[in-house]
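As structure tokens, the structure follows; a few thoughts come after it.
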Amino acid sequence: MKTDFYRKTNDREFPSNLTDYDEMYRSFEWKYARKELDWFGDKLNAAYNAVDRHTHTWRKNKIALYWEDEEGNQKKYTFEELSVLSNKLGNILKDFGVERGDRVFIFLPRIPELYFSFLGILKIGAIAGTLFSAFQEQALADRLGQARPKVVITNKELKSRLPRVKHVITIDTEDFTKSLEHASDELHIAEMDPDEYAFMLYTSGTTGKPKGVMHTHRAILQEHMTAKWVLDLRDDDVYWCTADPGWVTGIAYEILGSWSCGVSAVVYAGRFDPKKWYELLEKYKVSVWYTAPTAIRMLMAAGDTLVDERDLSALRHMCSVGEPLNPEAIRWAVKVFDKPFHDTWWQTETGAICIANYPCMDIKIGSMGKPIPGLTASIVDDNGHPVGPNTEGNIALKPKWPSMMKTIWRRPQKYESYFAGGSPRSSSGGAGWYLSGDHGMCDKDGYFWFIGRADDVIKTSGERVGPFEVESALVSHPGVVEAGVIGKPDPMRGEIIKAFVVLGKNVKPSEQLKEELSQYVKKHLAGHAYPREVEFIDKLPKTRSGKIMRRILKAKEMGLPIGDTSTLEEY
Ligand code: WTA
């Protein structure tokens, strides 16, 4: 295979933060990064590092957040203002009896309150959980039922979807406005052991309910270093990360790692819209942009004239995450922006970027790049044995790295299942490998290439969706007996969700019913997790033990050979 390169020229006048990847990879140890953060002896607080420490420097009155919504409302906040507002929020939570280790969930659209709530929760030592505002009652019940938060912070509109929880803070009420006004702006910052929990995110695997991935305060170390090395953030940057904090990217690179680098961040609380996005890039003079392949493909489809009409001369560095970044998207970017997107690979569980293309390194177009300094990545077989160059296997990481998840909330077995050869918590002490669930390969130059998921997890428009959740939602419809759900390759969205549905005996299949089922999932589970395609089927392929064989549904859908069916029930 001929490899296509995007060659970098070294800019002597404005060298990137990381100037020599190979040298840094050889010599770096995490202890050298300690001085990048503010510590209280051996303790630290991630939110303090993201925001408050800047208030003791010249950045105090620097804009930390430029916020804008679809209606054109605009707000901006300095680091000092974010610090004060999050202090107040912390004090309000304390009045609700929130203590260190309690869970506090945020169920809000991307409004400023989301950001200072998140910071306030961490500052008092509680654990922040974020929920997409697209979640409907089933998704919320699964997550909140398991996490059992003491408080959920929401607004009037979203509140009605919530299950019963201990306390609810509704931010668009007079009560809240008053308590925010009256709350003290002085807060004692909780000095946390680096291994104490800071935030949690529910994410999906192949089977079962979503799992609560737990992250610690130490994670900010890697989030900070990667924001510096990979996103190349500097003081004069205006940085726009298009992710929602309901997703790990929005936490690590819209709140913690990016603000820790002292950058001014843009948050747009609106739907995807190419015209609007280019307008924002121009208006805020965005210099560093972090987005996802589906958005890039949609921008591509919207045409080059939209770009040509704008002055995007401030834009100097662009990165992408969440799904495979196709070579055409990079070539298009070079054509219209005169620079490529830099692919980055990581997961909710890894807590920060792990494999990336760096501003100082040539890009092999189509590759995800190389592991960050301080991290060993490899391709291993299912038993954790490295397979050598150019051979397909599991993308695996050597524990521990600073932002590695600490556990899965109340499901220690699930946590163990990620490791071949023992987790850091097991008696092996982490001698094994963390298996990502992704297949890939590594070439002889050490570049990693993504091949596909090893399991049935769906990635649609960059969102991670568990087929089981969608199947459960479908089955709760009175007309449905069984459902099997797969990700069907889609040129724009990476994958779309397709459901194979077995209807009840007396239920008549129709186009209308298909639409009804789609809408049903949208309404009960989540706006982004509904099947765009529904197909009725008489019987689902299953193993003899009754497990749905999604891989067979997928093979059939794609007209591929069905493979080994020896464990299959007669089909
Ligand atoms: C996929 C996202 C190809 C992968 C921060 C991974 C990618 C899952 C890439 C994690 C990439 C992420 N190329 N695939 N650069 N980055 N993925 O937890 O399958 O939402 O396991 O975290 O996204 O998704 P998650």
Side-chain angles (χ1 to χ4, degrees), residues 130 132 199-206 210-215 219 222-223 226-227 230-231 241-258 290-297 318-327 329-330 340-358 363-372 377 379 394-397 403-405 408 418 434-442 447-467 469 487 489 493-495 526 528-529:
T130 52
F132 279 115
F199 63 93
M200 65 191 290
L201 276 156
Y202 277 87
T203 193
S204 302
T206 305
K211 46 201 181 200
V213 175
M214 304 303 294
H215 283 292
Q222 189 171 334
E223 292 161 353
T226 47
V230 183
L231 305 177
C241 169
T242 61
D244 186 303
W247 192 32
V248 68
T249 309
I251 291 180
Y253 299 107
E254 198 170 48
I255 302 181
L256 296 176
S258 39
Y290 196 17
T291 189
T294 293
I296 299 168
R297 287 188 290 263
M318 313 191 298
C319 296
S320 163
V321 62
E323 7 153 18
L325 177 64
N326 38 323
I330 299 186
F341 280 99
H342 293 71
D343 197 9
T344 68
W345 176 92
W346 57 294
Q347 308 179 291
T348 305
E349 292 87 340
T350 71
I353 294 170
C354 290
I355 298 176
N357 288 287
Y358 307 85
I363 296 176
K364 284 197 187 182
I365 295 178
S367 145
M368 305 191 296
K370 295 186 179 186
I372 61 161
I379 302 294
N394 300 290
I395 301 178
L397 307 174
S403 63
M404 177 176 156
M405 65 168 166
I408 299 290
Y418 279 92
Y434 163 86
L435 301 188
S436 64
D438 284 348
H439 273 184
M441 62 170 206
C442 182
Y447 283 80
F448 282 75
W449 300 76
F450 181 82
I451 295 178
R453 285 291 306 184
D455 57 20
D456 297 331
V457 168
I458 300 165
K459 265 281 171 165
T460 177
S461 303
E463 317 273 11
R464 184 163 156 183
V465 176
E469 264 195 290
R493 295 186 164 81
E495 288 182 320
H528 60 264

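As the structure lists them, so they are numbered: ligands from 1, and atoms in each ligand from 1.
- In terms of polar-atom proximity, Gly322 is counted as a contact of ligand 1, with an N or O under 3.5 Å from an N or O of the ligand.
- Atoms of ligand 1 lying under 4.0 Å from at least one heavy atom of Trp247, given by number and element, are 2 (C), 20 (O), 22 (O), 25 (P).
- Taking all heavy atoms of Val465, Val321, Thr344 into account, the minimum distance to atom 15 (N) of ligand 1 is reached by Thr344.
- Within the listing of ligand 1, atoms 4 (C), 6 (C), 19 (O), 21 (O) sit less than 4.0 angstrom from a heavy atom of Asp438.
- In this structure, Trp449 and Met368 approach most closely via the heavy-atom pair C-CE, 4.3 Å.
- The closest donor-acceptor contact from the side chain of Thr130 to the backbone of Pro245 lies under 3.5 Å.
- By the 4.5 Å heavy-atom criterion applied to side chains, Trp345 and Ile395 are counted as neighbours.
- In terms of heavy-atom proximity, Ile363 sits nearest to Pro340 at CD1-CG, 3.7 Å.
- Every N/O-N/O distance between Thr249 and ligand 1 stays at or above 3.5 Å.
- Within the model, atoms CG of Asn357 and NZ of Lys364 stand 11.0 Å from one another, a figure rounded to the nearest 0.5 Å.
- Contact atoms of ligand 1 toward Arg464: 10 (C), 18 (O), 20 (O), 24 (O), 25 (P) (distance under 4.0 Å to a heavy atom of the residue).
- Atoms of ligand 1 found under 4.0 Å from any heavy atom of Thr348, numbered from 1 in the order shown, are 18 (O), 20 (O), 22 (O), 25 (P).
- Only the side chain of Val248 comes within contact range of ligand 1, with a heavy atom under 4.0 Å; no backbone atom does.
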Trace of the side chain to side chain donor-acceptor pair (under 3.5 Å) decision for Tyr290 with Ser258: CA-CA 11 Å; Tyr290 196 17; Ser258 39; over 6 Å; no

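- Checked against a 3.5 angstrom limit, the closest N/O atoms of Thr203 and ligand 1 fall outside it.
- With Glu254 contributing its side chain and Thr249 its backbone, the two residues share no donor-acceptor pair below 3.5 Å.
- In this structure, atom 10 (C) of ligand 1 lies nearest to the protein heavy atom Trp346 O, 3.7 Å.
- Interface atoms of ligand 1 facing Pro324, defined by a heavy-atom separation under 4.0 Å, are 3 (C), 13 (N), 14 (N).
- Contacts between Phe450 and ligand 1 below 4.0 angstrom, taking non-hydrogen atoms only, involve the side chain exclusively.
- For atom 11 (C) of ligand 1, the nearest non-hydrogen atom of the protein is Glu323 O, 3.5 Å.
- Side-chain atoms of Glu495 come within 3.5 Å of backbone N or O of Lys459 as a donor-acceptor pair.
- When His439, Gln347, Lys459, Glu349 are checked for heavy-atom proximity to atom 24 (O) of ligand 1, Lys459 turns out nearest.
- A distance-only check finds no donor-acceptor pair linking the side chain of Arg493 to the backbone of Thr460 [under 3.5 Å].
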